[in-house]
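A quick write-up on the structure given underneath.
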Amino acid sequence: MDVSSILDSLNDAQRQAVTAEHKPLLVLAGAGSGKTRVLVHRIAWLVQVEGLNLHNIIAVTFTNKAAAEMRGRVEEMLEVPAAPLWIGTFHGLAHRLLRRHWQEADLMQSFQIMDADDQKRMVKRVLREMDLDENQWPPREVCWYINNKKEEGIRPKHIVAGEDELEAIRVRIYQAYEDACARTGLIDFAEMLLRAHELWLNNPHLLAHYQRRFQHVLVDEFQDTNTIQYAWLRLLIGKTGTPFVVGDDDQSIYRWRGAKVEHLQRLATHFPELQTVRLEQNYRSTGNILKAANAVIDNNTGRLGKELWTDGHDGDLIQIFSAYNEREEAEFVVTRIRQWQNDGNERKESAILYRSNAQSRVFEEMLIQGGIPYRVYGGLRFFERAEIKDALAYLRLCANQNDDAAFERVVNTPTRGIGARSVTMVREYAQANSCSLWHAAAACVADELNFPRRAAKALHVFLVLINEMSKAVEKLDLGEQVEHVVFSSGLIEHFKKEKGEKAEARLENLDELISAASGFDVDEVVNAMQSDDYEDPELQLDPEEVSPLVAFLAHAALEAGEGQADAWEDCVQLMTLHSAKGLEFPLVFMCGLEDGLFPHQRSINDSAGLEEERRLCYVGMTRAKEHLYISHAERRRLYGQDNYAQASRFLSEIPTQLVHHIRPQVSVSRPVMPTLRRAALVREPAPEGLSLGQAVMHKKFGPGVVMNYEGQGSHARVQVNFQDVGAKWLVLAYANLQVI
DNA sequence: CTCCGCGTGGTTTTT
DNA sequence: CCACGCGGAG
């Protein structure tokens, strides 16, 4: 076997990982150190050198994008279709298992996936049924509670509320929500993972089968696994599987959504034979960028330890720009981008990164003003758009008429005279008879006595519509099905009436939905759901096939699609630091590096939160290949208020010899704080000697900046943003502040 | 049913 | 400041 094609392009550490013996392996892969390459080459090694079958390998990622890229690169390298290789997101793989074993998983065959929006609606419905006040039980928080429990593998029956009455109610809501989901054949994202875990726990023969099959378990971005994902992996690996885990504790930025970096440390306990390989050579950034990033992340405690290096040149210094306000910051960035493109570079090679979405606004305004095309990442994605979800809801009703969520969504969309009153009655009937809304509606229509004739008629029209729709659609192929539903639902008419640019876009989206369905590769997905385990007679797979419609609906929920379109256009890239993870750009601007914004105020007070912010900073810095600009504003308008902030503490963690400070030119008109003056005049006079933006020193809290004040004389209070402890309100008379 | 006005809350995101 | 959701009026 000629191994050179697999190994030649690798460095020593990469090669060590790729060729490792069959023992648990942890690859600590720094940013830009070629981790995807290692995963892909590892698979090629197992297949081409060790003679394993792709069929015996499973690879897990967090995003569809990563999964698709990996599959593509494996196919490219092996020059064969990688269909027998199971590769996908945790959710995608869990979904595949649940479709195959829906009976063992105690699901209905046509079960559908709810996204976060569907889930919230479902929770609202449950709250209404339980007569609980939405203000007291915000659906957002209820969802959060339920998802958290599921991510920890906890069912309602496991929770002992004890004396805690509020907790007891939460558990009751959780239980009612589960009942509603079961009744309507819907599962949320967290449920997929938990269900897949329970599937194996409750069906040892299935677990044994998959353990036998998947001798090699590859995991990408392992630092992002939550409790249930790790538990699922451990089950699969069992005593015989070999985990090949790639991750980076320094790039763990999803603690807030349940990710546990600790899993990286625990790996060594759970797998005593674990070997660790560090990938520290970086192929992305210049030396100075790496030195700066290393220096920042070095302030974190409990790291597994890793230091990026490059054999390339040092490159530019890190350029730090102190702006007067957010407008000046944006002006500066736009000027530099214009320079960049005038120097013959592409706009899409530049990225503006920020901590929170609200910051994009000023940049967008400035870019529009400057006539520079840009693209903002994030926001609603294709399958999350209202009109698309409406159309999908009709399709869902065709596939499963007990889908109450879909029923509620479209029963009066477009409006057809079924008001809140009627829906409430249907809901009450459904609850009283514990049946689906669909059955309840049919019963209400039949029961002329208690239901207003007018409403009954309208409801009847809807029932007939759906009935005819599902009948008409039966023998059509997928594209025609979607087309039929989009038109006969009345959605097209509905949006045609609406007029305006927005409605125009909605119509286009519905058109695109039809094309998406027509071009949907039914075979690929349906086949994946079906058996590729022919040689295992013990594995009983349901012979019935998954309908293309059900497969398409699952695809829509699982892969919400791209955000704004036109990635190919030459645009400046705007995104949050979180969305930038995994990407790289020759020219990077990290903006708004101010204490309180980044690190965010809500993370500033606990060390775990602060360390995660620091990792986010590290992630941002290591996105830059050649030029890294970091900017902050002395003053920033946020929520309609002017705020004064100090430069982010992370800035001072960059060694000064790596930094070039850019000061705004004096000639740039710097207004003499007109708004500040007005504010000071209109408001009560500032306490003596203090003004907004004034730097002060406190005995205990250290240096800070005056952000706000109120009250007079001995009652006067000031809000000071302290460098070390964040913003605090202090009674001026006691604070003993020193002006500095 | 639709429209308007008020009130409120406002890191980070994938599946 | 602004975007969203809810409740009342037409």
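Just so it is clear: chains get the letters A, B, ... in the order the sequence lines come, proteins before strands, and each one is counted from 1.
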Study note, to complete from the structure: A/Leu193 atom CG is separated from B/dT14 atom C1', nearest whole Å, by 11 Å
Practice item. Indicate, with a heavy-atom threshold strictly under 4.0 Å, whether A/Glu613 touches base, sugar-phosphate, or nothing. Key: base
Practice item. Kindly say if A/Thr89 contacts the phosphate of B/dT15, meaning a side-chain N or O under 4.0 Å from OP1 or OP2. Key: no
Exercise for review: Starting from P on B/dT15, measure out to CZ on A/Phe382 and report it in whole angstrom.
Suggested key: 16 Å
Check your understanding: Does some side-chain heavy atom of A/Leu597 sit less than 4.5 Å from a side-chain heavy atom of A/Gln359?
Key -> yes
Check your understanding: At under 4.0 Å, does any side-chain N or O of A/Tyr377 touch on OP1 or OP2 of B/dT14?
Key -> no
Practice item. Using only side-chain N and O atoms of A/Thr576, determine if any of them is under 4.0 Å from OP1 or OP2 of B/dT13. Key: yes
Check your understanding: Aromatic rings A/Trp200 and A/Trp232: how do their planes relate, parallel, tilted or perpendicular, breaks at 30° and 60°?
Key -> parallel
Review point. When all nucleic acid strands are considered with a 4.0 Å heavy-atom cut-off, which category describes A/Tyr639: base, sugar-phosphate, or nothing?
Key: base
Point to revise | Nucleotide B/dG9, atom C1' - distance to CD of A/Gln641 in whole Å | key: 14 Å
Check your understanding: More 5' along DNA chain B: A/Ala420 or A/Lys65, using each one's nearest nucleotide?
Key -> A/Ala420
Practice item. Measure from NE2 on A/His600 to P on B/dG10 and round the result to the nearest Å. Key: 11 Å
Review point. With the threshold set at 4.0 Å, does a side-chain nitrogen-carboxylate oxygen contact exist between A/Lys260 and A/Glu152?
Key: yes
**Study point:** B/dT13 OP1/OP2 closer than 4.0 Å to side-chain N/O of A/Arg257
**Key:** no
Practice item. Side chain of A/Thr63 only, please: which of B/dT13, B/dT14, B/dT11 is the nearest? Key: B/dT14
Exercise for review: Check A/Ala31 against A/Arg623 and note the closest heavy-atom contact, atom names and distance.
Suggested key: CB-NH2, 3.6 Å
Point to revise | Glycosidic conformation of B/dT11, taking syn as within 90° of 0 and anti otherwise | key: syn
Check your understanding: For A/Glu612 and A/Ser252, which heavy atoms make the closest approach, and how far apart are they?
Key -> OE1-O, 3.5 Å
Exercise for review: May I have the distance from A/Trp144 (atom CH2) to B/dT13 (atom P), rounded to whole angstrom?
Suggested key: 18 Å
Check your understanding: Would you call the rings of A/Tyr254 and A/Trp256 parallel, tilted or perpendicular, where under 30° means parallel and over 60° means perpendicular?
Key -> tilted
Review point. What's the closest nucleotide to the A/Thr415 side chain, out of B/dT13, B/dT15, B/dT2?
Key: B/dT2
Exercise for review: Identify whether any heavy atom of A/Ser603 sits under 4.0 Å from a base atom; if not, whether one sits that close to sugar-phosphate; answer base, sugar-phosphate or nothing.
Suggested key: base
Exercise for review: Under 4.0 Å from any heavy atom of chain A: name the first and the last nucleotide of DNA chain C that qualifies, 5' to 3'.
Suggested key: C/dC1 to C/dC6
Exercise for review: Using heavy atoms to find the nearest nucleotide of DNA chain B for A/Ala116 and A/Arg416 separately, return the residue whose nucleotide is more 5′.
Suggested key: A/Arg416
Exercise for review: Answer with base, sugar-phosphate or nothing: what part of the nucleic acid does A/Asp115 contact at a heavy-atom distance below 4.0 Å?
Suggested key: nothing
Exercise for review: Answer yes or no: does a side-chain N or O of A/Asn412 lie under 4.0 Å from OP1 or OP2 of B/dC1?
Suggested key: yes
Check your understanding: With sugar-phosphate meaning primed atoms plus P, OP1 and OP2, does A/Arg361 contact a base, only sugar-phosphate, or nothing at under 4.0 Å between heavy atoms?
Key -> sugar-phosphate
Review point. Whole Å only: how far is the NE2 atom of A/His578 from the C1' atom of B/dT11?
Key: 8 Å
Review point. With distance as the sole test, does A/Asn64 use its side chain to make a donor-acceptor pair with the main-chain N or O of A/Leu558 at under 3.5 Å?
Key: yes
Review point. CE of A/Met575 versus C1' of B/dT14: gap in Å, rounded?
Key: 16 Å
Check your understanding: If you look at every strand shown and take non-hydrogen atoms under 4.0 Å, does A/Lys581 touch a base, only sugar-phosphate, or nothing?
Key -> nothing
**Study point:** Check: A/Phe407 ring centre within less than 6.0 Å of A/Tyr394 ring centre
**Key:** no
Check your understanding: Expressed as a whole number of Å, how far does the C1' atom of C/dC2 sit from that of B/dT13?
Key -> 22 Å
**Study point:** Per A/Arg381 side chain, nearest of listed nucleotides B/dT14, B/dT12, B/dG10
**Key:** B/dT14
Check your understanding: Can you find a side chain N or O atom of A/Asn357 that sits less than 4.0 Å from OP1 or OP2 on B/dT12?
Key -> yes
Point to revise | Side-chain touch A/Ile352/A/Tyr354, heavy atoms, less than 4.5 angstrom | key: yes
Check your understanding: How many Å lie between CH2 on A/Trp256 and C1' on B/dT11, as a whole number?
Key -> 8 Å
